[in-house]
Amino acid sequence: MALKIHDTRSKKKRIFNPIEKDKVGIYVCGITPYSPSHLGHARQAISFDIITRWMRELKFNVTYITNFTDIDDKIIKVALEENKDFLEIANRNIEDYFKVMDAMNVLRADKYSRVTETIPEIIDMISILIDKENAYIGNDGVYFEIDTAPEKYGQLTGQTLEMVRSGAGGRVGETGAGKRDHRDFALWKSAKEDEPYWESPWGNGRPGWHIECSAMSLKHLGETFDIHGGGRDLLFPHHEAEIFQSECCLGIEHVVKYWIHNGMINVDGEKMSKSLGNFQTINDTFATIEPLALRYTLLNAPYRQPIEFNTTMVEESKIHYNRLINTYSQAFTLGKLGDWNKYDFLLLCSEKFISGMNDDFNTRVAFVEVQNVVKRLQELLLDGKEIEYISAAFSWLNKFAGEILGLLPCNEEIENISKHTIDAIAAISVRVEELLIERQKSRETKNWERADLIRDELNSMNVIIEDSPEGPKWKIE
RNA sequence: GCACGGAUGGCAGAGUAGCUAUGCAAGGGAUUGCAGAUCCCUGGACCUGGGUGCAAAUCCCGGUCCGUGCUCCA
């Protein structure tokens, strides 16, 4: 069964064939660290985490590169406001990024390339573009001249030069005074007073946004590579600009073989963004939902679909996530790994899971199978007889929900969860048993009022009573 | 305005031609002093108008509505 990937350039699902057999180079546009990361960043990081995890599961040798745009107008603005060095601002937010992403089980990329560490490569690339006359020097920087490669226009968005010309309307001339045409874009921006800068043949300045990614992907992955990813909102102009730069600089028609774009997070039907003021930082969100449950929420739809982020979505994910963790922890205490290949049900779940993931990384389909196995494991645990089957289902979850989807906490944490529960039960069990006996006596004499009072008291100790035909059972909330 | 994408039960959200997921919610039943938990059962959907097909939620054309992009944006 072959892996199919939806490629934005050709606008269809294509069977994935890497440039070099069994090897995959993937570059994903990362964040500009001028503020703490928000849910959109989480969605992007988790989407590509899943994509790389799955490709590794398929035994591809994956090189996953992403970046931090650690010099940029917005970072400079924050630095000025706080009267700090721009790198301090960037580093602070990068730290925040790693902290929240680690909490959500986002595996680290092979390399987090930084713009400030790629300046020579960027300058080289711009020089070549000037030599090839694809770029010109303006009075406030260097610009890429769109008219030198009009055939490359609209490769991702279907727009033509004329469309954009008319569409931009009154905004022409607002930025980049040195441009010949408003559709040209900056490769190098001259430094204004008090701005950080690097020396270049065109004076002191800093790189434009688009050229960084062309230079960094070239530096780390070579002239052509398999996958380029990012958020849908980067399609235009960012990724189209990259196509101009990389392809004109290298003289190669297709630098990127597959383009992958993840969908946005919506609130009330609109994209979550700073300008609308409807964004949430990841850290703030952790107050209402734990990190891995949030990961669950963000994988609950295929990566290309927009996600409507609201209370319903969050609450449902919590239910599923808690069910998964509780069931898994219960089986974990039995501590045995088993072979799921011996059970038709688990084999069938594996097959559906795999075909879902192979179909453009459809995590929603994969989740259904996880839910099915959780349900089966619950039944098995309740019955308690088929220990081997329990171990097999446990192993299945360990592999598919844990290793591949990254939804499970590490073993130590699961142990801690179990241990805490055991300790908590031990600490109050004597008292609980006393109260239960008293309650049973009250029930026998049909003193319901008294029995309910005792139940209330137990509830206040976070103990939940469940009466059953075999007598009352209790557990910690 | 132009480009791209979407429209599935009360809600979330799969499914790309025949077998109509899944979860939450709802209703009914079993069990129960009540509650909870669990189990069983039930109803209910494919935006609209055409077209192609033996057969369409699924393919084609038109319309309507929504989102994204055209400016920094994951």
Side-chain angles (χ1 to χ4, degrees), chain A residues 8 11 13 28-32 34 37-48 66 69 72-74 77 154 156-160 162-172 174-176 182-183 185 209 229-240 261-266 268-276 279 297 300-302 304-308 310-320 323 352 356 359 362-372 375 378-379 382 442-444 446-449 451-452 455-456 459 464-469 472-475:
Chain A
T8 317
K11 296 183 184 64
K13 278 184 198 169
V28 179
C29 289
I31 62 158
T32 301
Y34 70 100
S37 297
H38 66 265
L39 289 174
H41 299 137
R43 160 94 123 147
Q44 186 254 39
I46 290 171
S47 297
F48 288 97
T66 185
T69 299
D72 155 276
D73 294 6
K74 283 173 182 159
K77 187 165 172 261
L156 298 176
T157 59
Q159 301 178 105
T160 64
E162 287 65 32
M163 287 171 185
V164 177
R165 194 199 308 270
S166 57
R171 286 188 293 267
V172 178
E174 275 177 20
T175 51
H182 82 273
R183 296 158 304 176
F185 53 87
W209 179 36
R232 274 209 82 74
D233 52 352
L234 298 187
L235 232 36
F236 189 95
H238 187 58
H239 287 160
E240 295 220 343
H261 292 93
N262 66 274
M264 300 291 103
I265 302 258
N266 288 174
D268 296 329
E270 281 183 316
K271 176 182 154 189
M272 183 179 282
S273 73
K274 300 227 162 186
S275 52
L276 287 166
F279 71 98
T297 312
N300 201 213
R304 290 196 296 130
Q305 297 301 113
I307 285 184
E308 190 61 37
N310 55 33
T311 328
T312 315
M313 195 73 176
V314 168
E315 292 307 317
E316 278 189 27
S317 305
K318 278 188 191 170
I319 290 170
H320 286 119
R323 194 175 289 170
K352 288 186 188 163
D359 185 10
N362 193 330
T363 46
R364 195 59 176 71
V365 169
F367 271 29
V368 171
E369 299 314 313
V370 171
Q371 285 166 13
N372 284 340
K375 195 174 176 193
Q378 256 173 353
E379 290 164 6
L382 203 64
S442 304
R443 293 181 74 202
E444 276 159 27
K446 297 197 192 297
N447 186 351
W448 308 127
E449 207 178 313
D452 288 347
R455 183 165 62 199
D456 288 344
N459 284 347
I464 296 170
I465 304 300
E466 287 171 12
D467 291 321
S468 74
K473 291 176 181 168
W474 65 281
K475 64 182 181 190

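Residue numbering restarts at 1 for every chain, and letters A, B, ... go by the order of the sequence lines.
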By side-chain contact (heavy atoms from CB on, under 4.5 Å), A:P302 pairs with (sequence neighbours left out) A:Q305, A:N362, A:R364

| request: Would you indicate what A:H38 reaches in the nucleic acid, counting non-hydrogen atoms under 4.0 angstrom: base, sugar-phosphate, or nothing? | output: base

**Prompt:** Think A:N459 has a side-chain N or O under 4.0 angstrom from the OP1 or OP2 of B:G36?
**Reply:** no

Residues at least two apart in sequence or cross-chain that pass salt bridge (charged side-chain N to carboxylate O under 4.0 Å, His left out) with A:D452, listed by chain then number, are A:R455

Regarding B:G15, purine or pyrimidine glycosidic angle vs 90° from 0 gives anti

Ignoring hydrogens and geometry beyond distance, is the side chain of A:R455 in donor-acceptor contact with the base of B:A35 at under 3.5 Å? yes

Quiz prompt | Spacing of the P atoms in B:G5 and B:G44 (rounded, Å) | solution = 35 Å

For A:H41, the ring pair (Phe, Tyr, Trp, His ring centres under 6.0 Å) test, sequence neighbours excluded, returns A:H38

Writing each nucleotide of RNA chain B 5' to 3' as (, ), [, ], | or . by Watson-Crick or G-U pairing under 3.5 Å yields (((((((..(((.....[...))).(((((.......)))))....(((((..]....))))))))))))....

- Select base, sugar-phosphate, or nothing to describe what A:E315 touches, counting heavy atoms under 4.0 Å on all strands. nothing

Is there a donor and acceptor pair, one atom on the side chain of A:D467 and one on the base of B:C34, closer than 3.5 Å?
yes

Taken in chain and number order and not counting sequence neighbours, the residues that satisfy side-chain hydrogen bond (donor to acceptor under 3.5 Å, both in side chains) with A:T157 are A:Q159, A:E240

Per atom distances to the A:D359 side chain, the nearest of B:G15, B:G13, B:A74 is B:G15

Exercise for review: Give one of base, sugar-phosphate or nothing for A:K74, where a contact means two heavy atoms less than 4.0 Å apart.
Suggested key: base

Query raised in the report: Across the strands shown, which category fits A:L156 at heavy-atom distances under 4.0 angstrom: base, sugar-phosphate, nothing?
Result: nothing

Checking B:A74, B:G13, B:G69 against the side chain of A:Q159 (C-beta onward), the nearest is B:G69

How would you label the contact of A:G263 with the nucleic acid (heavy atoms, under 4.0 Å): base, sugar-phosphate, or nothing?
-> base

Heavy-atom nearest nucleotide on RNA chain B taken for A:P237 and for A:E449; more 5' hit belongs to A:E449

### Query
When all nucleic acid strands are considered with a 4.0 Å heavy-atom cut-off, which category describes A:M313: base, sugar-phosphate, or nothing?
sugar-phosphate

Would the base of B:G23 count as contacting A:E316 through its side chain, where contact means a donor and an acceptor less than 3.5 Å apart?
yes

OP1 or OP2 of B:G69 versus the side-chain N and O atoms of A:K271: is any pair under 4.0 Å? yes

### Query
Going by 5.5 Å between centroids and 30° between planes, is there a stack of A:F236 over B:G69?
no

- Task: Just call it for A:L39: base, sugar-phosphate, or nothing, with non-hydrogen atoms closer than 4.0 Å on any strand.
- Result: nothing

Separation of B:A35 atom C1' from A:D456 atom CG, nearest Å, is 10 Å

| said: Is it the case that B:G33 (base atoms only) and A:D452 (side chain only) share a donor and an acceptor within less than 3.5 Å, ignoring hydrogens and angles? | reply: yes

Just to be sure I understand the rule, does A:G231 reach a base, reach only the sugar-phosphate, or reach nothing, if contact means heavy atoms closer than 4.0 Å?
sugar-phosphate

Which pairs, protein N/O on one side and nucleotides 38-45 of chain B N/O on the other, fall under 3.5 Å?
none

Of B:A3, B:C34, B:C72, the nucleotide closest to the side chain of A:R443 is B:C34

